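No hydrogens, no waters, no symmetry mates; every other heavy atom, side chains included, goes into these values. Model, not experiment: these values are computed from the prediction.
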Amino acid sequence: MFDEELVKLKENGLYRHLRAQTYLSPNIALIEGREVILFSGNDYLGFSSHPKIKQAACEAIAKYGTSARASRLISGNNELYRTLEMVLAEFKGKEAALVFPTGYHANLSLLTVLATKNDVIYMDKLSHASLYDGCLLSGAILRRYRHNDLNHLENLLAGEASSGRPFIVTEGVFSMDGDLAPLPGLKNLADNYGCLLLVDDAHGTGVLGLDGQGTSDHCGIKLEIEMGTLSKALGGLGGYVAGDQGLINFLINRARPFIFTTGLPPATLAGAKAAIELIAKEPWRRERVLNLAKRVRKILKETGYNIPHGFSPIVPIILGGEEQALALAKHCLKKGLFIPAIRTPAVPKNQARLRMTLSALHSDKEVEQALEILTSAGKELELI
Ligand SMILES: *Cc1c(COP(=O)(O)O)cnc(C)c1O
């Protein structure tokens, strides 16, 4: 089935396939029989292998079993949800919080519940697919503004009278570029034009801000609604929305991706709660991953690579063509280094790249090795 389509994808260098990974340690895995160092995950704080988080998860399994057994509104609302949501609300400085099976569910829920047919959603062009899908599913009118371009956004806002409440939607830390949204400027525009500003902080949560609260805290602004995931720096799975109790109650009543799906397993809930508590207790993890990212950015830039300005643990190495990106990734893999090539549609055409991500648990030696391999590979392939 689909033979022709699949051949076409291969011809265009866009064919994707799944590879089995066996993790040997937090950042080393066997991929197709080869042992490689990974610079590819979103486990920024190394929480996916934290002994205390693993212990909390194991205890929850021993006590409650492996499944929620039902959707949350039926009988899948394990008591662990209550404590997790309390801890989350406090962490985000909000009255209440709601946990979803994934960040994808959280975004679909938030956008479909808040936005309706005649509303306008102004969205940063580089926003995550789940935000686009949420917008599509809401039926709202979509206006895309150029990445982080406040002037373009203001032009769009000024040029359109909206009947409903307009929305500005962005990521906090952009997942493929690692740069931050200009939140103070966006907040200003949102206030001036009566918009609700929605920030997907999947990659900022746990990493940025004084105590890891995220990008809004880092930028010194207050958002009415906070959204993020438990599946990246928090080392688990799930999405969350934090805001006032009315919003949370409304989501519980209206959000189809929340209502018509099974609750998270007890292990996931217990693990996430432990993770949030550990963010404040172990600030060295945040400091380490940000310092590593800073060092890697600086050295790769000096080597001659095109590295956009940034601050987060996501370091994109922009190569342009799909072929260059694939060639560099392949070369690295041969030398025992896994950094994934990212191509369209995840990024715009001619913006193909290697997306390198750091973790607090990368050793200095692993980072040095990666930098050496990238330098020699870049020279051999004449990319730098
Ligand atoms: C990963 C990601 C999501 C989806 O979160 P999951 O928990 O993996 O479903 C949403 N938004 C952004 C920006 C992401 O990077």
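- Here CG of L234 is found 12.5 Å from OG1 of T268. Values are rounded to the nearest 0.5 Å.
- Hydrophobic side-chain contacts under 4.5 Å tie I28 into a cluster, directly or through other members, with L24, L30.
- Between the side chains of E154 and Y193, at least one donor-acceptor pair of N or O atoms lies under 3.5 Å.
- Here salt bridge (Lys or Arg N to Asp or Glu O under 4.0 Å) pairs that include residues 248-271, with residues two or more places apart or in two chains, number zero.
- The hydrophobic cluster around I74 extends to none of the other residues, as no ILVMFWY side-chain heavy atom falls under 4.5 Å of it.
- Here E226 does not pair with K94 in a salt bridge; the nearest charged N to carboxylate O distance is not below 4.0 Å.
- Residues F167 and L157 fall into different hydrophobic clusters, defined by Ile, Leu, Val, Met, Phe, Trp and Tyr side chains chained together at heavy-atom separations under 4.5 Å.
- Atom CD of E302 is surrounded by more than 12 heavy atoms from other residues, nucleotides or ligands within 6.0 Å.
- Of the possible donor and acceptor atoms, one in the side chain of D217 sits under 3.5 Å from a partner among the backbone N and O of L210.
- By the 6.0 Å contact criterion, CD on E95 is enclosed, its count of non-hydrogen atoms from other residues, nucleotides or ligands being greater than 12.
- No side-chain donor from either of D133 and S130 sits under 3.5 Å from a side-chain acceptor of the other.
- At distances below 3.5 Å, at least one donor-acceptor pair connects side-chain atoms of E171 with backbone N or O atoms of H128.
- Residue K301 qualifies as enclosed at atom NZ: its count of foreign heavy atoms under 6.0 Å is above 12.
- For P316, the side-chain contact (heavy atoms from CB on, under 4.5 Å) criterion is met by P308, I318, R353, not counting sequence neighbours.
- Taking CE of M227 as the reference point, atom CG of L198 lies at 10.0 Å (rounded to 0.5 Å).
- Judged by distance alone, the side chains of N249 and Q245 do bring a donor and an acceptor atom under 3.5 Å apart.
- Using a 4.5 Å cut-off between side-chain heavy atoms of Ile, Leu, Val, Met, Phe, Trp and Tyr, L108 falls into a hydrophobic cluster with Y104, L137.
- A salt bridge is defined here as a Lys NZ or Arg NE, NH1 or NH2 lying under 4.0 Å from an Asp or Glu carboxylate O, and K273 with E277 meets this definition.
- Ion pairing between a basic and an acidic side chain is recognised when a charged N comes within 4.0 Å of a carboxylate O; E368 and R295 show such pairing.
- Remark: R72 engages E85 in a salt bridge, criterion side-chain N to carboxylate O under 4.0 Å.
- Using bins of under 30°, 30° to 60° and over 60° for the plane-to-plane angle, the ring pair H218/F311 lands in the tilted bin.
- In this structure, the side chain of R286 engages the main chain of I279 through a donor-acceptor pair within 3.5 Å.
- Under a cut-off of 6.0 angstrom, the local environment of CD in E90 is sparse, with at most 12 non-hydrogen atoms contributed by other residues, nucleotides or ligands.
- One finds the CG atom of L354 at 10.5 Å from the OG atom of S40 (value rounded to the nearest 0.5 Å).
- Applying the 6.0 Å contact sphere to CD of E382 captures no more than 12 heavy atoms from other residues, nucleotides or ligands.
- Among T170, D177, D179, the single residue meeting the side-chain hydrogen bond (donor to acceptor under 3.5 Å, both in side chains) criterion with H147 is D179.
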**Item:** salt bridge (charged side-chain N to carboxylate O under 4.0 Å, His left out) between D201 and K232, worked out
**Value:** CA-CA 10 Å; D201 209 18; K232 283 159 186 163; over 6 Å; no
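- Aromatic ring orientation, F47 versus H50: perpendicular (interplanar angle above 60°, classes split at 30° and 60°).
- Chaining together hydrophobic side chains whose heavy atoms lie under 4.5 Å apart places F338 alongside Y23, I31, V36, L38, L333.
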